[in-house]
Amino acid sequence: MSRYSGLPPLPEQLSRLDELAVDLWWSWNREGRSVFRRLDYTLWRATAHNPVRMLWMIARAKIEAAADDQDFVQLYQRAISALDGARAARNTWWTNRFPDNGGQTIAYFSAEFALHQSLPIYAGGLGVLAGDHCKEAGDLGVPLIGVGFMYPQGYFHQNVSQDGWQEEVYERLNWADAPIEQALTPDGKPCVTAVPLGDRTVLVAVWHVRVGRASLYLLDTSLEENAPWDRELSARLYGGDRETRVQQEIILGIGGVRALRALGVEPAAFHLNEGHAGFVVLQRIRDLVEQGSSFDAALEDIRRTTIFTTHTPVAAGHDAFPFSIVEKHLAGCWGTLGANRDRFLALGAYDSGGGALFNMTALALRSAGAVNAVSRLHGEVTRAMWAPMWPGAAEAERPVTSVTNGVHVPTWLAADMSDLFARHLGSDWMERQDDPAMWDAVLAIPDADLWAVRQALRRYLFTFVRERARHRWTDDRVGAPRVVAAGTLLESDALTIGFARRFAAYKRPDLVFADAERLARILNAPERPAQIIFAGKAHPADDVGKQHLQHVYKRALDPMFGGRVAFVDDYDLHVAHFLVQGCDVWLNNPRKPFEASGTSGMKAAINGVPHLSIGDGWWAEGFNGKNGWTIDGGSADNPDVVDALDAAALYELLENEIVPAFYDRGGDGVPRRWLTTVKEAIRSVAPRFSARRMVKEYAERMYMPALRAEKEVKS
Ligand SMILES: *Cc1c(COP(=O)(O)O)cnc(C)c1O
């Protein structure tokens, strides 16, 4: 491989170490992780687990010593053969389930993918879902290819000023450190595709990310041949204005289909993860019209093989553009479709108040044959929200189903917990992870063993939080109050509540402070202290979200809470891992029904961190009365009243149930009553809210009908 060609070659015994580093497969497989962790633990931590970067930085003597260490070489060999096995496996869930399906692939389009912190091309939940979907599809053998954007400056890094205001810092990604490679066409040339944009042509380079058996292709306009403003198009995720956004979406949709063709991939079905990729259908209709179809026949054709997932009930989350902007930038895209230009534009027309706009969700709803929301409740909300799309249709007839989100268990489960499961559920538990009956064995895990793991995970979190605070103090030279806000005064044995997600108004990040005196009494109770760790970014254009963040930050600085409220900055996948594994309770208090699903609570629950949440999103179907707590303050017309009611309900749960159960210890210090909830959280959430269950559902209910339809059309 050319990446490290300036460095001396790797020793023979470890000759494929670079190949292991660049396939993100390592990140969710035990052997893969261990190789890099053991190779150089200091660098492993210093690079936030980035093996590609580690191989640049590592001392030659370390590599040579590793090559002479028999234990290490054996570990390496096990990892390499597991990687080869994963790539080659013929005997997968998919091949067994659909033995007569040969050679068809599904293209999965998404504006963001969260696979690993070393590839910062995600902002939040949507990206995490897409990343988990790809990993699980690979694990199951589902023939899925991801298509997205390579943002050279990624999403921003978060800096919080002394008075709590979020500042966005964009850093150019060092390509040499990222797990990406140039994508090659079938004849071995770097893949570059041309996308007509307005009255010009923009060139798009394509990068390849290896994700075990799955592949991801990322589009990038930062080519020298492009004009400076076109090079900037792919620079940042959600960084630009409306015009930038529509151009990005044209590149993703139209450029994505063209890039796949240039790569020699001809997908049988297309899955649009959120409306951002809606222009895929324009390119596909155009191709069919070019081959002689009528517009109607082409639309009918692509409908059968298009799957669309919608992700939010928040209106601002659905991109809608003035027609003039869309027309301006699509000018060059029509080709032979030109005569049907108005037909196409009508596919996106939607008036959600204030006049018709070109709405990407409307476009996708009208051109996908299969549409789903991401939880049962979100299905209901979506059918009501978009009712005008199907005039006269009763709720049950509106063609939107739901596939509830899930999380990739090998990615999100702590290693200590995974070992514990292996001992009590059987060493092959991962293969049976979506079988609810298998999880009953969790109830029989000895309390002391489970508690020991929970305690260890909390301690890892505190080590991480303190290290980050120290880094701010010594390297960034922030003032002492900000070091306190970063979590220095947290106690590693106290009940720890986690709240980490995007700071958006509907998520009500500061709800828990509604009655500050009451909260302070709960947190500062001398015998039974509690503490809250916050993390999360506000969208750069969302000043209201930033104000919520500022409120929370000021609380963290306020002596009245005794240093028991902390804000960990620059939330990303890395921080998320420590938080969802190391807290004791996971808090979520959105304004119902705006949380489509939510996934961080699932990540927490599988690690034995019960959910304390409004009955919104996935929790509306996940709560069973004993696996966590539902905050229900009752309803009212005035949102301020609802907030007050919900806050009161939250305090009551903390005071009467959560704190007492956590501190109800036997003589051995083990909280038996608490662990009943912990076990029930794991048992009930792990099988049902795993990405394994989710991807199987997509495969059976959404992909397979599309793939069969495609075969019929062809034959
Ligand atoms: C899981 C995750 C999210 C999504 O959290 P929600 O609770 O679903 O909003 C956002 N950001 C990161 C980094 C995550 O890991």
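In what follows, every heavy atom counts, from backbone to side chain, and hydrogens, waters and symmetry copies are set aside. Ligands are counted one by one from 1 in listed order, and the atoms in each one are counted from 1 as well.
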Check: Can you list the atoms of ligand 1 that are under 4.0 Å from a heavy atom of A576?
Finding: 15 (O)
Checklist line | Residue D572 vicinity, atoms of ligand 1 by number, heavy atom under 4.0 Å | finding: 13 (C)
Checklist line | K507 N/O under 3.5 Å from ligand 1 N/O | finding: yes
Note to self: For F36, does the six-membered ring have the charged nitrogen or CZ of R33 within the cation-pi criterion, i.e. under 6.0 angstrom from the centroid and within 45° of the normal?
What the structure shows: no
Next item on the list: Ignoring angles and geometry beyond distance, decide whether K603 reaches within less than 3.5 Å of ligand 1 through its nitrogen or oxygen atoms.
Entry: yes
Notebook entry, point to check: Any idea which atoms of ligand 1 are less than 4.0 Å away from a heavy-atom of G125?
Noted result: 3 (C), 4 (C), 10 (C)
Next item on the list: Would you please indicate if the ring centroids of W28 and W412 are separated by under 6.0 Å?
Entry: no
Notebook entry, point to check: For atom 8 (O) of ligand 1, which protein heavy atom lies nearest, and how many Å away is it?
Noted result: T599 N, 2.7 Å
Note to self: Out of all atoms in ligand 1, which are within 4.0 Å of some heavy atom of G598? Include the element for each.
What the structure shows: 8 (O)
Next item on the list: Could you tell me the residue and atom name of the protein heavy atom closest to atom 12 (C) of ligand 1, and the distance to it rounded to 0.1 Å?
Entry: Y571 CE2, 3.6 Å
Margin query: To check your reading of the model: name the closest protein heavy atom to atom 7 (O) of ligand 1, its residue, and the distance in Å.
Written below: S600 OG, 2.4 Å
Check: So is R236 actually on top of F156's ring, under 6.0 Å and inside 45° of the axis?
Finding: no
Note to self: Within the 4.0 Å heavy-atom shell around G124, which atoms of ligand 1 are there?
What the structure shows: 10 (C), 11 (N)
Next item on the list: Assess the pair F534 and F567: is the distance between their ring centroids shorter than 6.0 Å?
Entry: no
Next item on the list: If the plane angle is over 60° it's perpendicular, under 30° parallel, otherwise tilted; pick one for W619 and F623.
Entry: tilted
Notebook entry, point to check: Would you say Y122 has any N or O atom under 3.5 Å from an N or O of ligand 1, going by distance alone?
Noted result: no
Check: Against heavy atoms of W412, which atoms of ligand 1 measure under 4.0 Å?
Finding: 15 (O)
Next item on the list: Indicate yes or no: at least one non-hydrogen side-chain atom of K696 is less than 4.5 angstrom from one of E136.
Entry: no
Notebook entry, point to check: Does the pair D475/R470 count as a salt bridge with the N-to-O cut at 4.0 Å?
Noted result: no
Checklist line | Sidechain N-carboxylate O distance under 4.0 Å for D419, R30 | finding: yes
